[in-house]
Amino acid sequence: MQKISNRNFLILVALLVGIVGGLAAALLKGMTHGIAAFLQDEVRSQYKYYLYLLFPLVGILLSVVYVRRFIRKKELGHGMTPIMYAISRNSSKIEPHNIYSQIVTSAITVGFGGSSGLEAPIAYSGAAIGSNMGRFFGLSYREVTLLLACGAAAGISGAFNSPVAGMIFAIEILLPEFSIPVFIPLLISTATAAVISRSIYSEPLFHLVTDDWVFSALFFYILLAIIVGGFSIYFAKLAGWLRLQYNKVHNPYRKVWISGVSLGILIFIFPALYGEGYLAIQQILDGNHTAMLENSIFSDYSHTGIMVVLFALCTVFAKSFAALITLNGGGNGGVFGPSLVVGGLLGFAFSYGLNLTGMVDLNITNFTVAGMAGALAGMMHAPLTAIFLIAEITGGYALMVPLMLVTAIAYFINRVVLKHSIYTKGLAEQGDLISHEDKDRTVLSMMKLRYVLENNFTILRPNEYPQERSHDIIHTKRNIFPVVDLDGKFLGVIYSERLLEILLGEQPEGLKKTMAELAEKPMDTVSTDANMELVMQKMNREDVWILPVLDADGRYQGFVSKSAVFNKYRALLVRQASYFDQ
């Protein structure tokens with residue numbers, strides 16, 4: 001740090017983040033696939049297939065027990081939402097245990113059949129690596145945020161062996177406002193992670209040799225994009241509804257039972273739901289279109305084309321439920337992987353079904369790949385990530401134009417209906433989402449009332465008279481006095497001008513009145529849990545400079561003033577600018 005420039009030091013740390021992130025990605029893939037292979041290949045029993053009803057329950061239960069007993073948390077954050085929250089509300093600090101706890105819990109969850117993806121956990125683990133390395137070296141908020149993004153990008157790169165997609169993911173999701181200098185650390189970390197991960201765990205995600213697309217299929221790509229865009233809206237609505245239902249269940253182990261049993265039944269009916277679900281997509285890409293039914297209770301119908309289409313569509317909706325109940329029940333994972341699976345199955349069902357009519361001859365492989373990209377773009381609001389990720393992991397660069405078309409339309413449809421992605425919706429509702437479009441509102445949302453609360457005011461009691469407190473009234477530096485009883489209940493305010501007029505004899509009748517009689521009702525009050533945007537709205541509406549703050553029981557806590565808010569605003573604006581100017 002003393003011998004080289006700050007920029008070169010960041011590049012070195014980004015390289016280190018990439019190395020560790022690549023190792024973490026390889027470890028997670030190896031652990032997950034090792035657990036799955038053991039359960040599927042090594043377990044010998046005449047009741048083996050009935051055990052699949054129990055495996056998901058065991059995986060979610062072990063994950064919950066691990067988090068509550070060893071990490072000592074009620075639940076472990078999952079998905080990209082906690083990473084974005086850390087950037088906007090927690091100075092880009094992520095607890096160190098996430099480096100390993102995300103790997104352990106997601107490997108257990110998915111390895112035992114939990115129907116979720118590994119990409120979000122490895123991104124979370126990588127972000128924790130970057131965040132804690134930055135904090136270890138005492139770097140600034142801006143630099144820690146950049147390293148956090150490098151870690152998340154390294155995780156995605158290592159998981160998919162796709163450095164370009166990892167870099168674009170970080171820019172599109174975590175650093176929406178960026179400048180050219182962030183490219184170099186991101187490139188270094190993602191490229192390093194891809195090399196490290198591939199050298200340890202070289203099995204590619206998908207094998208695909210695709211043909212070029214034909215212009216005559218353009219209309220059908222547009223039609224597929226509309227279908228996928230509509231489904232991405234349905235998925236987001238379903239995610240919100242299921243989250244509300246699970247919030248009504250307060251016992252964590254009851255959630256485990258609900259999710260485990262439901263997931264076991266779904267996997268028994270739809271075997272493609274086991275784990276990540278990428279095997280079903282690979283079988284489709286290999287031309288084995290009936291493989292989904294072969295190990296199911298509907299295997300006798302595997303040679304009936306319409307049954308294949310219906311089974312694929314049913315698997316799409318079942319996968320949506322399976323992924324969401326896995327996560328809400330206490331399992332770890334993300335919707336990154338499931339979005340690829342449902343998109344691929346939609347693309348397959350669409351093209352295979354149309355081919356059955358004999359009216360067209362669509363390339364099923366190309367439409368499967370395009371569906372994957374469209375679903376990812378719609379659900380995550382990340383069209384560039386979708387395009388380059390699918391092109392990298394499938395080798396489908398020849399399909400760049402259809403990929404661009406499908407992702408753009410699916411993204412547009414989702415964005416018209418849903419302003420926020422599945423990751424940012426919760427943050428936006430809580431006021432925790434950084435938005436470059438409205439900096440004032442964003443800065444206010446970052447501000448906590450307790451940090452601007454002032455309580456160094458002279459408190460007057462209701463049964464006191466002005467003459468009794470004349471010394472305190474004259475020597476105070478404040479021009480407002482709260483009237484509060486002995487139980488802390490707030491009764492009103494008295495301004496110094498009126499008290500001075502009484503003490504100077506200009507209002508002699510006031511000397512005979514108690515503070516309770518002299519107190520005035522304030523223009524408005526503020527509760528201790530109010531957000532600062534609401535506080536400023538009240539001040540502007542009533543045209544006042546200061547408001548009393550009360551707790552839920554009406555007890556006096558202090559005052560909040562525009563002066564304190566503006567001072568804090570300036571400090572946060574400087575910090576926020578360092579984020580947006582990266």
Side-chain angles (χ1 to χ4, degrees), residues 32 35-36 39-40 43 47-64 78 106 108-118 231 234-243 245-246 249 253-281 283-284 290-302 307-346 348-349 375 379 422:
T32 305
I35 293 172
L39 295 177
Q40 293 174 357
V43 174
Y47 304 107
K48 177 178 178 178
Y49 290 101
Y50 293 99
L51 291 176
Y52 284 96
L53 289 167
L54 298 177
F55 286 156
L57 171 63
V58 173
I60 297 175
L61 178 61
L62 289 175
S63 179
V64 170
H78 54 75
S106 58
I108 293 173
T109 299
V110 179
F112 274 84
S115 195
S116 61
L118 297 175
F231 185 84
Y234 160 78
F235 188 91
K237 298 283 188 181
L238 178 64
W241 180 79
L242 278 176
R243 184 170 60 251
Q245 302 309 308
Y246 270 87
V249 182
Y253 294 104
R254 189 179 177 191
K255 292 181 181 179
V256 171
W257 280 102
I258 293 172
S259 294
V261 172
S262 302
L263 190 56
I265 295 172
L266 285 173
I267 292 175
F268 184 78
I269 300 173
F270 304 98
L273 303 184
Y274 190 96
E276 295 172 283
Y278 292 146
L279 178 60
I281 299 299
Q283 290 170 333
I284 292 172
T290 62
M292 284 185 296
L293 279 76
E294 288 175 356
N295 293 320
S296 73
I297 58 178
F298 302 101
S299 58
D300 293 340
Y301 303 96
S302 60
M307 279 299 298
V308 174
V309 174
L310 291 175
F311 191 81
L313 290 175
C314 290
T315 304
V316 167
F317 288 95
K319 180 67 177 179
S320 303
F321 273 94
L324 295 172
I325 63 177
T326 298
L327 300 178
N328 284 290
N332 192 13
V335 297
F336 201 113
S339 68
L340 296 179
V341 175
V342 298
L345 290 174
L346 280 173
F348 163 72
M379 293 180 192
I422 196 169

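In this structure, Leu327 and Leu242 have side chains that are not in contact, with every pair of non-hydrogen atoms separated by 4.5 Å or more. Residues Ile284 and Leu345 are in side-chain contact: their nearest non-hydrogen atoms beyond the backbone lie under 4.5 Å apart. Contact of the Val341 side chain with the Val316 side chain is not registered, since no non-hydrogen atoms from C-beta on lie closer than 4.5 Å. Residues Ile267 and Ser115 are not in side-chain contact: their nearest non-hydrogen atoms beyond the backbone lie 4.5 Å or more apart. Using a 4.5 Å heavy-atom cutoff, the side chains of Leu57 and Val256 are in contact. Two residues are said to be in side-chain contact when any heavy atoms from C-beta on lie closer than 4.5 Å; Phe112 and Ile60 fail this criterion. Taking the side chain as every heavy atom from C-beta outward, Tyr274 and Leu39 approach each other to under 4.5 Å.
At least one donor-acceptor pair closer than 3.5 Å links the side chain of Thr326 to the backbone N or O of Ala322. Using a distance-only test at 3.5 Å, with no hydrogens or angles considered, no donor-acceptor pair links the side chain of Thr109 to the main chain of Gly114. A side-chain donor-acceptor contact under 3.5 Å links Ser339 to the backbone of Phe336. Proximity of a side-chain donor or acceptor of Ser259 to a complementary backbone N or O of Ile325 within less than 3.5 Å is detected.
Rounding to the nearest 0.5 angstrom, the gap separating the CG atom in Leu279 from the CE atom in Met292 is 11.0 Å. Atom-to-atom distance recorded for Met379:CE and Leu340:CG is 9.0 Å, nearest 0.5 angstrom. Rounding to the nearest 0.5 Å places CG of Leu61 at 14.5 Å from NZ of Lys255. Interatomic distance, OG of Ser116 versus NZ of Lys319, reported as 7.5 Å (0.5 Å rounding). Note that the CG atom of Leu263 and the CD1 atom of Ile258 stand 13.0 Å from one another [nearest 0.5 Å]. In this structure, the separation between CZ on Phe235 and CZ on Phe321 is 10.5 Å, given to the nearest 0.5 Å.
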Set out, in order, the CA-CA distance, both residues' side-chain angles and the distance that settles ring-ring contact (aromatic ring centres under 6.0 Å, His included) for Phe317 and Phe231, then state yes or no. CA-CA 10 Å; Phe317 288 95; Phe231 185 84; 5.5 Å; yes

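Taking both residues in full, the closest heavy atoms of Gly337 and Tyr278 are given as CA-OH, 3.2 Å, listed atom of the first, atom of the second, then distance. Considering every non-hydrogen atom in both Phe348 and Val308, the closest pair reads CZ-CG1, 3.7 Å. Residues Asn328 and Arg243 share a closest heavy-atom pair of OD1-CA, 3.8 Å. Taking both residues in full, the closest heavy atoms of Leu273 and Ala318 are given as CD1-CB, 3.8 Å, listed atom of the first, atom of the second, then distance. The heavy-atom pair separating Gly330 from Ser63 by the smallest distance is O-OG, 3.5 Å. Taking every heavy atom of both residues into account, Ala312 and Ala349 meet most closely at CB-CB, 4.2 Å.
Ring centers of Phe55 and Phe268: at least 6.0 Å apart, outside the cut-off.
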